[in-house]
A.B. asks: 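Dropping a structure here in structure tokens format, bear with me for questions.
What's counted below: heavy atoms across the whole structure, side chains too, no hydrogens, waters or symmetry copies. In what follows, every chain begins at residue 1, and chains take the letters A, B, ... in the order their sequences are listed.
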Amino acid sequence: MAKNRRELSSLILEHQYNPQVEVVPREEAKRILRSLRAKIWQIPWIRASDPLARVVGARPGDLLRLRRRSPMAEVVETYRFVVPA
Amino acid sequence: MTVQFGVARTQPEVPLKSIHRIRFGILSPDTIRNMSVMEITTSQIYDEAGLPVRGGLMDRRLGVVEPGARCETCDNTHDACPGHFGHIELVKPVIHVEFAKYIFDILRSTCPHCGRIMLRNDEIAKYRERLERLSAKWKLLADNLVEKVKKRASERSTCPHCGMKRNKVKLERPYDFYEETENGALVKIDPEVVRERLERVPNEDLRLLGFDPSMARPEWAVLTVLPVPPPHVRPSIQLETGIRSEDDLTHKLIDIMRINEKLKIELEGGAPISVVESIWSLLQYHIATYFNNELPNVSIAKHRSGRPLKGLAQRLKGKEGRFRGSLSGKRVDFSARTVISPDPNLSINEVGVPIDVAKVLTYPERVNEWNIDRLRQLVMNGPETWPGANYVITPEGRRMDLRYVRDRKSLVDRIGPGWVVERHLQDGDVVLFNRQPSLHRMSIMAHLVKVLPGRTFRLHLAVCPPYNADFDGDEMNLHVPQNEEARAEARLLMLVQEHIVSPRYGGPIIGARQDFIIGAYLLTRKDTLLDREMVAYLLGAAKDVEGIEEPAIMHPTELWTGKQVMSMLLPRDFTWVQPTAFRSTCGDPATCLEDEYLVILNGFMASGVLDKKSIGAEQVDSLWHRIARDYPSGIARKWLDSALRVFLRYLDLVGYTIGIDSFDLPPEAYDEINGIIARGEERARKYMEEYLAKTLQPDPGYTVEETLENRMAIELSKVREDATRVVERHIDKRSEAYIMAKTGARGSLINLVQISGVLGQQTIRGERIKRGYRLRTLPHFEFSDIIGPEAGGFVKGNFKEGLGPVEYFFHAAAGRDGLIDTAVRTAQSGYMQRRLVNALQDVYVAYDGTVRFSNDAIVQFKYSDDFTDVSRSDHGKPVNIDQVIARVKQRG
């Protein structure tokens, strides 16, 4: 068991069911949006206050890349658009 | 490109406009007066002569609905007059009920004295700046902010602008406002005062509270003028007796007018405040129920007959309302509905249509040089004889009803290319067939018509599972696509054979059931030997087979095995191995001599029997699943059609029935079962004794009573499980009931046990029977705090020997509970389905593989992460590697 909040949150973040997160650099984000033919608001939203967004210090307007395991495909990359609060 | 079927459009030119956007707001009194053509001045509607009174609710200036009359505003007759709004000038203002909540919001968050929002200037500046930023892009967040502003403003009691201390405002639903004074008394604020307060709120403050003052000033929500819709919205009905019956809305408007007039008289006569107030509140009541007659805490306005009146809201709301009843759902032409019944001789692709239906439903076929002779013959046959035609459309677009054409011969001679013949439904036409509730896409499939005598739609038994149909009186609907494009689409995408594999789990949803399964089992059993006549008969039922094989036995007579017949049906290149339902001791399909494995090599059925596991509907990784997957849909369908016909033909020939002897058990079996029952009861009793002796240890998280109940329930339900094993061991393996249960055709071992062994524990809501009288479930038992096995619904009897009276009662109670349970479950899942579909109906899979909403917002970046269409998959997986390897090996 975790001793404190910090330890607990790190345990949660390292759990196998939790996706890996990273902020996508601006230029790459633009490329991704072009290839998806999507405006940034059409990407699923995540709040900047979401624990997962706070881990990587995401700010509103950022694009996050999540890597998670999927029962159908091995590893899947998805994106989240960070919105205020 | 526009397709016109020879119908010349002679409608007048109507200017086309496209809707750019829709904005909702509140009508201002000025707008209401401007759009009104007249003021309603009297509650009278007709004079003694029965003519509309001028200034009344049926005034000719509002438009006309009766034929012959002319509208005094637009001078059009009833078919061209669109109707014109009037208005009623209310003597005293009243609250619009549906806006009461918003009025309350404003009253709560503004100062009653100066009308400013109850926020300091710095707060206003802060929120305004934030709101402007958010409302450009973040609608949702802007709404959240508005909620926050409202909350902040309503918390304050002293106005930061004029320094006034204000009282708390309360809303008494649905439309009365009160102010709480210092001493706690509630003082009513009448609508006039409410309106004055709302008028004082400046536009800039309204924006912070989520209002757009150009579209909706809050004081407009307090009505001073009431718009009166034209008679087109509330037509009066003339009965045969000559008595005129008015629409509910007209009745309501008359009530409003009467009270309004009365209020005016009393005011002018200087009546006491109490009288005025009571009339005023009556006016408020009538106007509120005019909008919505299902308001909480308001008595429902009733018609003279006692029937509740329909308010405006009731016209729109609910299943029969304008949206769900008139706009989302409409009645359609070219459709038919009747009872369904089975026909195993049809193809699964077909539907049997009664001749009477085929003579009414038509398809418009365009005449060309290749079909002209046929269509001429159909027109010659006319509407009465099938196959015939009901209408003919000339190249000019004139439509001729063949019922009234006297000389069809001369008409037939005039028909040439460019004409359209609306001919009767014929064999091979594509139609859509549907059974409600339409829960998945297989609820509407395309079938090919087969016109048959009789009055019912006929369908193949194998397509019952996708429709969830049976023949206990079910009715189904049929629709006829009306052009070639629709027919082609239906045939290619919706035909039954394209839906054999379900998108739900990637297995066949259509397949053999019940009789087909027994037939298949009996046919493929080892002891089935058929002479030449029999084989020819069966292959005749199969229709196209390549030819007859060499018989398995040549002397003294030629005899074929049932497996050989099956082999003659199977595709030549088909190989498949799977265990049958009878698998028990054999481990290796290659060496098993007991028919425990189904082995098919290159279309040769080497061993095994057919059962539900191999050819049944909804069975994945089965013989039928492989055929449905590995061959084109047309071939799979043909195979199923002919195989099922053979199975059923064989069953017809050998016959099949069950009798009581199907359920005979040897005396030893009964000894064993009685022992099991006795031991089960004894164990249950022991727990009861332990409980009474207070030595029963409670399970974690349960009380002692709960522990006792759980233990007893477990012991008693174990009795039937144990009895099942005994029955399985002792029952005659050749008995018809056992064969049905084992092959999966109908019934299960549990049914057998309940018929010949023990019925077992009866339950209500998953628990032993516990209700009834005080301290006992029935008067037959002694008073007791704990319920013994018999009193709790444990039935020792069986159906074959009969139940005791008490047992019978508990069985009936449990049976009724099951019925109620199913009814409740279907209602609940139906509502859940509706909500899910409403929420997800706009989701689609885009061509790039992403899943998106109607605004192209992404839901999934790749459909189901692997972009696999389950109905084109192998039980959810895109490829079945084992199958591929097996096939390659076999070829090599």
A.B. asks: Hey, is CD on B/Glu155 packed in by over 12 heavy atoms from elsewhere, all under 6.0 Å?
C.D. replies: yes
A.B. asks: Could you give the distance from NZ (B/Lys862) to OG1 (A/Thr78), rounded to the nearest 0.5 Å?
C.D. replies: 13.0 Å
A.B. asks: Hey, are A/Arg69 and B/Asp865 close enough for a salt bridge, meaning a charged N less than 4.0 Å from a carboxylate O?
C.D. replies: no
A.B. asks: Within a radius of less than 6.0 Å around OH of B/Tyr631, do more than 12 heavy atoms belonging to other residues, nucleotides or ligands occur?
C.D. replies: yes
A.B. asks: Which of residues 498-507 of chain B get closer than 4.5 angstrom to chain A, counting heavy atoms alone?
C.D. replies: none
A.B. asks: How would you list, in number order, the residues of residues 141-152 of chain B that have a heavy atom less than 4.5 Å from chain A?
C.D. replies: B/Leu141, B/Asn144
A.B. asks: Is it true that, when you exclude A/Glu77 itself, more than 12 heavy atoms of the residues, nucleotides or ligands shown sit nearer than 6.0 Å to its CD?
C.D. replies: yes
A.B. asks: Which pairs of donor and acceptor atoms, one on a side chain in residues 33-43 of chain A, lie under 3.5 Å apart (sequence neighbours left out)?
C.D. replies:
unit_1  : atom_1 : unit_2   : atom_2 : d
A/Ser35 : OG     : A/Ile32  : O      : 2.8
A/Gln42 : OE1    : A/Lys39  : N      : 2.8
A/Gln42 : NE2    : B/Asn855 : O      : 2.9

A.B. asks: If the contact rule is any heavy atom under 4.5 Å from chain B, which residues of residues 44-64 of chain A qualify, in numerical order?
C.D. replies: A/Pro44, A/Trp45, A/Arg47
A.B. asks: Looking at B/Tyr702, I want to see if its OH is surrounded by more than 12 non-hydrogen atoms of other residues, nucleotides or ligands under 6.0 Å.
C.D. replies: no
